[in-house]
Amino acid sequence: MFTSTRNKNVEISASQAIKQGISKDGGLFIPTEFAKLSKGDLKTLCKKDYSGRAAFILKYLLDDFTEEEINHCVVNAYTKDKFGENPAPVKKLSENSFVLELWHGPTCAFKDMALQILPYFTTVSLKKTGEQKTVLILVATSGDTGKAALEGFRDVEGTKILVFYPTDGVSNIQKLQMTTQEGENVSVCGIFGNFDDAQNGVKKIFTDKEIAKQINDKNHMFSSANSINWGRLAPQTVYYFSAYCDMVNNNEIAMGDKINIAVPTGNFGNILAAYYAKKMGLPVNKLICASNRNNVLSDFIEKGIYDKNRSFYTTVSPSMDILISSNLERLLFDLLEGDDKELVNLMTSLKEEGKYQISKEIYEKLSHNFYGGFCDDKSTKETIKETFESFGYVIDTHTAVAVKVYNDYISKTGDKTKTVIASTASPFKFCEAVLEGLTGEKENGEGKEFLLLEKLSEKGKITPPEALYSLKDKKVRFSDACKKDEMAEAVLKML
Ligand SMILES: *Cc1c(COP(=O)(O)O)cnc(C)c1O
């Protein structure tokens with residue numbers, strides 16, 4: 001069963017949680033219990049391919065889905081056509097560090113790992129709950145979620161999707177990916193503001209009673225494809241198990257050995273999935289949380305104080321330009337052992353004062369599991385250069401943040417535990433900054449996106465993904481932008 005982080009009296013099934021996205025009290029849905037896999041289970045897992053591993057793990061995270069339903073979702077999502085031979089390959093970087101490439105899906109970012117399967121979860125959930133209404137998926141994006149959600153939900157029966165993105169907060173390629181999106185049920189709208197404005201606007205629309213009535217009258221209901229939706233997090237736990245199995249199978253570790261996991265973090269979704277994998281029995285030592293210059297999370301892990309009263313920076317790793325990390329609420333609920341009253345206090349304090357402090361006891365639990373660090377744009381670019389020079393391997397700006405914070409962690413602790421670094425995007429999504437890192441020359445990509453793809457291909461000796469290259473011939477379909485207080489109108493217009 002699932003409950004709400006802000007009200008433990010809520011009791012719903014996985015299919016309801018996925019359909020609804022967020023609880024009416026503003027809380028997030030979480031399972032009331034996590035299964036713990038045994039060593040034997042892990043051994044079984046290691047013998048399977050990615051889809052087999054996904055089906056095995058997901059049955060523990062989607063209580064009311066039948067095995068058949070889960071298989072249907074998995075088999076249709078992780079096809080060779082969309083992800084190639086292996087959706088989440090592990091590449092060895094150095095003796096102790098490994099990169100988990102999560103960007104082999106159709107939109108070249110890790111969001112595909114969840115957003116290709118979420119639409120299948122959604123249609124199964126609609127059927128299971130006897131829903132007759134059309135689901136309107138609202139998305140706030142810092143760049144990658146928007147495209148991945150559009151691609152996942154395009155022309156999926158019973159759904160429509162509307163994406164809001166900050167007009168000046170995404171890369172040129174990201175913007176093109178979204179504004180050229182095909183499909184009959186899709187729409188895209190820019191916001192004059194940053195990601196937090198977009199996310200707050202969407203959250204407000206979700207809980208607005210007047211809008212709820214209007215869309216209900218038109219036989220629609222809202223849902224979310226952001227990582228506040230459980231259907232996003234569940235599939236993300238799978239690839240951490242899968243990486244572990246690959247390392248066992250390649251004799252890099254022995255079954256039962258602990259690994260570290262380093263994750264470039266924004267909304268705290270991807271790293272939370274790693275924490276849940278640990279809770280489910282994956283042998284994990286430290287979770288290394290890497291922030292960019294918007295270092296609200298690494299500060300929190302260091303000091304136990306979450307404080308969003310600070311400047312917001314637009315960085316070269318835009319998918320992490322966030323000051324309100326929604327999924328941290330789920331971690332807090334877990335560390336508080338389900339004390340929903342205390343959690344509501346913290347969230348109220350965040351809303352009213354922009355900050356909160358956790359108790360010493362909770363802080364100790366947090367530091368036991370997590371290490372936090374951050375990296376500015378200059379070090380991000382330097383890390384891209386160093387990684388290429390040392391290993392002949394090109395990383396994107398987000399992955400570079402994680403590599404840098406991991407290197408700092410090693411310098412500080414001398415920890416020799418083998419570490420999986422989540423690589424969250426193809427470097428071709430962020431050509432300008434990656435090239436600047438590699439060559440030291442400033443690039444202006446406006447209007448020259450495809451030239452830069454070629455340049456990076458040459459310099460890095462890598463092939464640009466066809467999905468990005470083919471944007472060249474696509475027509476821009478969406479050029480609307482609105483103020484942050486006009487988002488509701490954009491929603492009503494789409495009805
Ligand atoms: C979304 C995103 C992140 C941050 O992931 P969270 O789950 O929000 O922490 C990091 N890197 C890339 C490339 C992303 O698209």
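As the structure is a prediction and not an experimental result, all values here were calculated from the model. For ligands, and for the atoms within them, numbers begin at 1 and follow the listed sequence. Below, all heavy atoms of this structure are taken into account, side chains as well, without hydrogens, waters or symmetry copies.
Separation of the Tyr276 and Tyr240 ring centroids does not fall under the 6.0 Å cut-off. If you look at Tyr50 and Tyr78, their ring centroids are closer than 6.0 Å.
Protein residues having a heavy atom under 4.0 Å from any atom of ligand 1 are Phe110, Lys111, Asp144, Pro264, Thr265, Gly266, Asn267, Phe268, Gly269, Asn270, Ser319, Met320, His398, Thr424, Ala425, listed by chain and number.
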Show your reasoning for whether side-chain contact (heavy atoms from CB on, under 4.5 Å) applies to Phe56 and Val238. CA-CA 9 Å; Phe56 190 93; Val238 174; over 6 Å; no

Apply side-chain contact (heavy atoms from CB on, under 4.5 Å) to the pair Leu233 and Arg330, showing each step before the final yes or no. CA-CA 11 Å; Leu233 287 179; Arg330 285 188 164 111; 3.3 Å; yes

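Taking the six-membered ring where tryptophan is involved, the planes of Tyr356 and Phe300 are perpendicular, since the angle between them exceeds 60° and thus also 30°.
The only member of Thr419, Thr413, Thr417 that meets side chain to side chain donor-acceptor pair (under 3.5 Å) when paired with Asp415 is Thr417.
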